[in-house]
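Scroll down for the structure; my scribbles are underneath it.
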Amino acid sequence: MNIKKIIAGCAASALAVSAMAVSAFAVADGEAYVQFAGGDWLASFYNDGKEYASYNDTVKITGNGSYSVTLHAVASFTDEETGEPTTSEGSTDLAFAALSVPNGEVLFPGMIITIDSIEVDGTAVALNGVPYTSSDDKIETRVNLYNEWVSDLPDDARTADGDLSNATPTALGKSIGAWKTMTVNFTVSGIEASSEPTTDATTDAATEAPAGDANNAPSTSDKNNADTGVEGVAAVAGVAIIAAGAIIIAKKRK
């Protein structure tokens, strides 16, 4: 077979693999999940239509009551020795974490989420204040667990008892050490009995504001910039690695 055809075919396959790496994935409306970024940015999960090595055991909100959701952290990076894309279970510390419900503000007006406890690898951790419920886009309901980009409480910040004196966006704390799973146990209140999930609710995705705005985490574009470009660099490196491997194989067959 012509070596040029081999290289061209493998390059096309590499592009296909790259496209698959960012194929659409989304948490369903009304399901609670934890979005996060590990302290070294190698493990993360966002509801932004991309696939991540990390994943959630989501829970569907059906009304007032108690719920639990578990996040599984999986780091994704390029192995320095082999140059190949690699995944590794677990993460270290936090850069950001929040419990979120897509379309929660629309499906459940007035919903308040109270964090009952947070378990890291099955062990409950102490909180440094009271997490509060809010929304940065009037669509997705959010409870910041660790968000250092919030400087002031947003206007829609709310708690079940109405007391915001000890409310904080960094209740969980940043330095939690090495970890694999995070379970958030919480109670939902404030939903009227007549409020039921609907199939025609607004589902337009909102664009997150830049870091530093009052209730926002770093956007996915922020974490792909020159300072934290782990995923963008890994994707490009993956394509280059596959293409390079194709060239080596082709030469051996020549």
Side-chain angles (χ1 to χ4, degrees), residues 21 25-27 31-48 50-59 66-81 84-102 113-133 140-150 166-187 208 211 215-220 222-224 227-234:
F25 178 85
V27 178
E31 289 188 346
Y33 74 103
V34 177
Q35 56 176 308
F36 88 109
D40 53 12
W41 296 92
L42 295 181
S44 60
F45 184 90
Y46 293 89
N47 187 35
D48 59 0
K50 297 180 181 179
E51 287 189 342
Y52 292 90
S54 300
Y55 61 96
N56 274 260
D57 297 329
T58 62
V59 60
S66 298
Y67 299 88
S68 180
V69 61
T70 297
L71 165 70
H72 301 262
V74 182
S76 179
F77 56 94
T78 299
D79 188 284
E80 293 183 355
E81 294 184 359
E84 296 183 356
T86 304
T87 59
S88 176
E89 187 179 8
S91 185
T92 302
D93 295 334
L94 287 172
F96 164 73
L99 177 70
S100 301
V101 181
I113 298 175
T114 301
I115 303 299
D116 299 319
S117 65
I118 298 177
E119 301 170 19
V120 176
D121 291 340
T123 300
V125 297
L127 300 182
N128 307 311
V130 178
Y132 57 87
T133 305
E140 180 170 271
T141 304
R142 176 190 288 186
V143 179
N144 283 311
L145 304 177
Y146 179 78
N147 189 345
E148 63 180 334
W149 286 271
V150 176
N166 199 30
T168 175
T170 56
L172 181 56
K174 180 176 184 176
S175 301
I176 61 174
W179 61 282
K180 294 181 179 180
T181 64
M182 179 184 298
T183 298
V184 180
N185 304 303
F186 61 98
T187 299
E208 292 194 4
N215 188 37
N216 289 286
S219 67
T220 53
D222 289 334
K223 63 188 180 67
N224 285 329
D227 294 330
T228 58
V230 175
E231 293 181 358
V233 172

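Just so we're clear, the structure is a prediction, and the values are computed from it rather than from any experiment.
- Thr92 and Asp40 share no donor-acceptor pair across their side chains, judged by distance under 3.5 Å alone.
- A distance-only check finds a donor-acceptor pair linking the side chain of Ser54 to the backbone of Val74 [under 3.5 Å].
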As a quick check of understanding, evaluate side-chain contact (heavy atoms from CB on, under 4.5 Å) for Val34 and Asn56, giving each step before the final call.
CA-CA 7 Å; Val34 177; Asn56 274 260; 3.7 Å; yes
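- Here the CD1 atom belonging to Ile118 is positioned 13.5 Å from the OG1 atom belonging to Thr123, to the nearest 0.5 angstrom.
- Between Ser88 atom OG and Lys180 atom NZ the span is 8.0 Å, to the nearest 0.5 Å.
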Quick one: do Leu127 and Leu172 satisfy side-chain contact (heavy atoms from CB on, under 4.5 Å)? Show the steps, please.
CA-CA 5 Å; Leu127 300 182; Leu172 181 56; 4.2 Å; yes
Could you walk me through whether Val27 and Phe45 pass side-chain contact (heavy atoms from CB on, under 4.5 Å), step by step?
CA-CA 11 Å; Val27 178; Phe45 184 90; 4.1 Å; yes
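- Going from atom CD1 of Ile176 over to atom CG of Leu94 covers 4.0 Å, rounded to the nearest 0.5 Å.
- The minimum heavy-atom distance between Gly90 and Ala43, with the atom names listed, is O-CB, 4.3 Å.
- If you take CG on Leu71 and OH on Tyr33, they are separated by 11.0 Å, rounding to the nearest 0.5 Å.
- Rounding to the nearest 0.5 Å gives a distance of 5.5 Å between OG1 of Thr70 and CG of Asp57.
- Applying the side-chain contact (heavy atoms from CB on, under 4.5 Å) rule to Ala32 yields the partners Val59, Ile61, Leu99, Val101, Phe186; only residues at least two apart in sequence or on another chain are considered.
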side-chain contact (heavy atoms from CB on, under 4.5 Å) for Tyr67 and Val184? Distances and angles first, verdict last.
CA-CA 8 Å; Tyr67 299 88; Val184 180; over 6 Å; no
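- What you find for Asp121 and Ala178 is that their closest heavy atoms are OD2-O, 4.0 Å.
- Taking the side-chain contact (heavy atoms from CB on, under 4.5 Å) definition, one finds that Glu148 meets it with Tyr146, Lys174, sequence neighbours left out.
- What you find for Ser44 and Ala37 is that their closest heavy atoms are CB-CA, 4.0 Å.
- Heavy-atom minimum distance, Thr170 versus Asn128: O-ND2, 4.1 Å.
- Ser68 and Asn185 make their closest contact through OG-OD1, 2.9 Å (heavy atoms, listed as atom of the first residue, atom of the second, distance).
- In summary, the side chains of Ser76 and Thr87 do not present any donor paired with an acceptor at a separation below 3.5 Å, with no hydrogens or angles considered.
- A donor-acceptor contact closer than 3.5 angstrom is absent between the side chains of Asn47 and Gln35.
- The two residues Asn144 and Ala98 have their closest heavy-atom pair at OD1-CB, 3.8 Å.
- When the options Trp179, Phe96, Tyr52, Tyr55 are evaluated for a ring-ring contact (aromatic ring centres under 6.0 Å, His included) with Phe36, the one that passes is Trp179.
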